[in-house]
Amino acid sequence: MRRDGRGQWLTWGVSVLNAALGDYLHSRSNGLAIEAACYHRGARLNLTPNALRAAHPAITPRLCVLVHGLGCHEGIWEFPPDPGDEEPSSYGALLHLELGYTPFAVRYNTGLAVAESGCRLAGLLAELTAAYPGAIEEIVLIGHSMGGLVARQAALTAARDGAAWAARLTRVFYLGTPHDGADLARLGHTAAAVLEAVPNPVTRLIGTVINTRSEGIKDLRLGAGSCATDAWPAHVQQYVIAGALGGDPEHPVSWLMGDGLVRLPGDMARYGVPAAHVRLLPATHHMRLTRDPEVYRLVKDWCAGTNAERRTLNAER
């Protein structure tokens with residue numbers, strides 16, 4: 001069931017507000033601060049066995065968890081509606097239909113520091129898996145933009161703390177994730193530093209205003225540098241899907257502009273991502289990565305895996 005227009009605008013407004021001032025709202029215990037939670041059909045999902053069964057009657061031992069980016073919410077994953085469709089489609093819904101994954105979408109405060117959001121996601125997944133009404137064989141995380149960094153931090157936190165769900169995590173997908181940092185975030189940081197250094201009260205005030213942005217936004221300039229530096233768990237595969245505005249990802253303009261917000265990834269090997277797990281999609285802007293048939297095909301194919309890969313994963317457990 002789709003939400004009405006007014007409800008959608010309110011949800012978007014609160015999400016954007018949290019992106020800009022979420023850390024401040026949280027520190028003041030303001031009711032507008034978003035608490036990390038799973039959402040189903042626009043409503044917060046209680047993490048109890050009965051509530052999980054009600055939300056997903058055909059529950060399965062394989063889970064996929066979708067994590068949105070800065071200033072967004074779980075609705076970003078919904079494909080544009082087709083006439084006559086009663087239920088929205090998404091990567092999660094399609095993975096459930098075609099590969100048997102039970103989907104869970106997360107909503108969180110994107111104004112908090114990436115490290116804190118990742119730790120909160122790790123805790124949320126611990127609650128979800130503890131309440132799950134059945135055995136869990138596999139967990140897949142799919143993060144868009146900042147959500148990829150948050151998913152990475154959650155995986156590192158869970159592995160470090162020995163969380164039970166960490167042993168079931170098999171794959172993490174990064175869609176348009178700024179591992180090397182986002183240029184717009186760097187620009188804001190540089191502009192604020194320059195303006196605050198000018199010996200003029202008005203200029204300094206402008207610099208202070210620019211610098212009054214959330215820790216989450218500030219962390220985007222650091223990319224994966226905002227995450228923990230623990231060793232990546234060897235049994236978890238990582239995948240990168242990036243977009244390019246131009247028709248040729250190898251064109252200099254594509255490398256300069258990337259998907260419009262995030263540049264194309266550099267050498268991902270230093271983050272533990274093999275070259276075979278990186279795909280560059282032409283004519284694909286940043287937000288399209290959350291609802292694109294080709295992106296879904298890649299995610300589906302990688303999730304399907306091979307029999308040899310599955311035997312290896314099972315042996316490592």
Side-chain angles (χ1 to χ4, degrees), residues 67-72 110 113-115 117-118 140-157 159 169-191 193 215-290 292 294-299 301-302:
V67 189
H68 63 75
L70 178 70
C72 297
T110 58
V114 165
S117 289
V140 169
L141 302 183
I142 304 174
H144 175 246
S145 196
M146 174 191 280
L149 298 177
V150 172
R152 179 180 175 85
Q153 176 66 54
L156 290 169
T157 298
L169 181 64
T170 59
R171 295 176 175 84
V172 179
F173 290 90
Y174 307 110
L175 314 183
T177 295
H179 282 82
D180 296 325
D183 289 340
L184 285 178
R186 290 196 191 96
L187 179 62
H189 176 78
T190 302
E215 290 300 317
I217 292 177
K218 292 177 181 178
D219 277 352
L220 284 180
R221 69 185 174 88
L222 302 174
S226 62
C227 299
T229 57
D230 304 73
W232 185 257
H235 70 283
V236 182
Q237 298 295 312
Q238 301 180 88
Y239 304 85
V240 170
I241 302 176
L245 292 181
D248 179 9
E250 299 299 325
H251 194 278
V253 174
S254 294
W255 281 102
L256 179 63
M257 300 298 295
D259 62 17
L261 289 178
V262 175
R263 285 193 182 189
L264 296 183
D267 178 17
M268 294 302 299
R270 65 187 185 281
Y271 301 118
V273 185
H277 289 184
V278 179
R279 292 292 187 276
L280 307 180
L281 302 183
T284 304
H285 61 74
H286 189 68
M287 299 310 294
R288 181 175 171 180
L289 290 167
T290 64
D292 181 80
E294 179 61 15
V295 172
Y296 171 70
R297 186 191 67 78
L298 289 169
V299 172
D301 289 350
W302 273 321

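The basis for the numbers below is simple: all heavy atoms, side chains too, and nothing from hydrogens, waters or symmetry mates.
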Closest approach of Val240 and Pro265, non-hydrogen atoms and distance? CG1-CG, 4.0 Å
For atom CE of Met257, decide whether the heavy atoms of other residues, nucleotides or ligands shown that lie under 6.0 angstrom number more than 12. no
Which value, rounded to the nearest 0.5 Å, describes the distance between Thr110 atom OG1 and His68 atom NE2? 6.5 Å
Exercise: identify the closest heavy-atom pair between Ala155 and Trp232: CB-CH2, 3.7 Å
Taking atom CG of Leu169 and atom CD of Gln237, what is their separation to the nearest 0.5 Å? 10.5 Å
Can you find a heavy atom in the side chain of Val295 that is under 4.5 Å from one in the side chain of Arg288? no
Residues two or more places apart in sequence or in another chain: which of them pass side chain to side chain contact (heavy atoms under 4.5 Å, CB included) with Asp301? Arg297
With side chains defined as the heavy atoms from C-beta onward, is the minimum distance between Leu220 and Ser226 less than 4.5 Å? no
As an exercise, state the distance from CZ of Phe173 to CZ of Arg171, rounded to the nearest 0.5 Å. 6.0 Å
Taking the side chain as every heavy atom from C-beta outward, state whether His285 and Leu245 have any pair of such atoms under 4.5 Å apart. yes
Between Ala242 and Leu264 the two heavy atoms that sit nearest each other are CB-CD2, 4.3 Å
Sorted by first residue and then second, give each salt bridge (charged side-chain N to carboxylate O under 4.0 Å, His left out) pair with at least one member in residues 269-280; sequence neighbours left out. Asp180-Arg270
Evaluate the side-chain proximity of Val140 to Val299: yes if any heavy-atom separation is below 4.5 Å, no if none is. no
Please report the C-alpha distance between Leu298 and Leu281 in whole Å, then the side-chain angles of each, then the deciding distance to 0.1 Å, and finally whether the side chain to side chain contact (heavy atoms under 4.5 Å, CB included) criterion is met. CA-CA 11 Å; Leu298 289 169; Leu281 302 183; 4.0 Å; yes
Just how far is it from atom OG1 of Thr229 to atom CG of Leu156, taken to the nearest 0.5 Å? 8.5 Å
Sequence neighbours left out, cut at 3.5 Å: what donor-acceptor pairs do the side chains of residues 141-153 make with other protein atoms?
from, atom 1, to, atom 2, distance (Å)
His144, NE2, His286, O, 2.9
Ser145, OG, His286, NE2, 3.0
Arg152, NH1, Gln238, OE1, 2.8
Arg152, NH1, Tyr271, O, 3.4
Gln153, OE1, Ala228, N, 2.8
Gln153, NE2, Thr157, OG1, 2.9

Tyr239 vs Val273 side-chain heavy atoms within contact, under 4.5 Å: no
From CG (Leu289) to OG1 (Thr284), nearest 0.5 Å: 6.5 Å
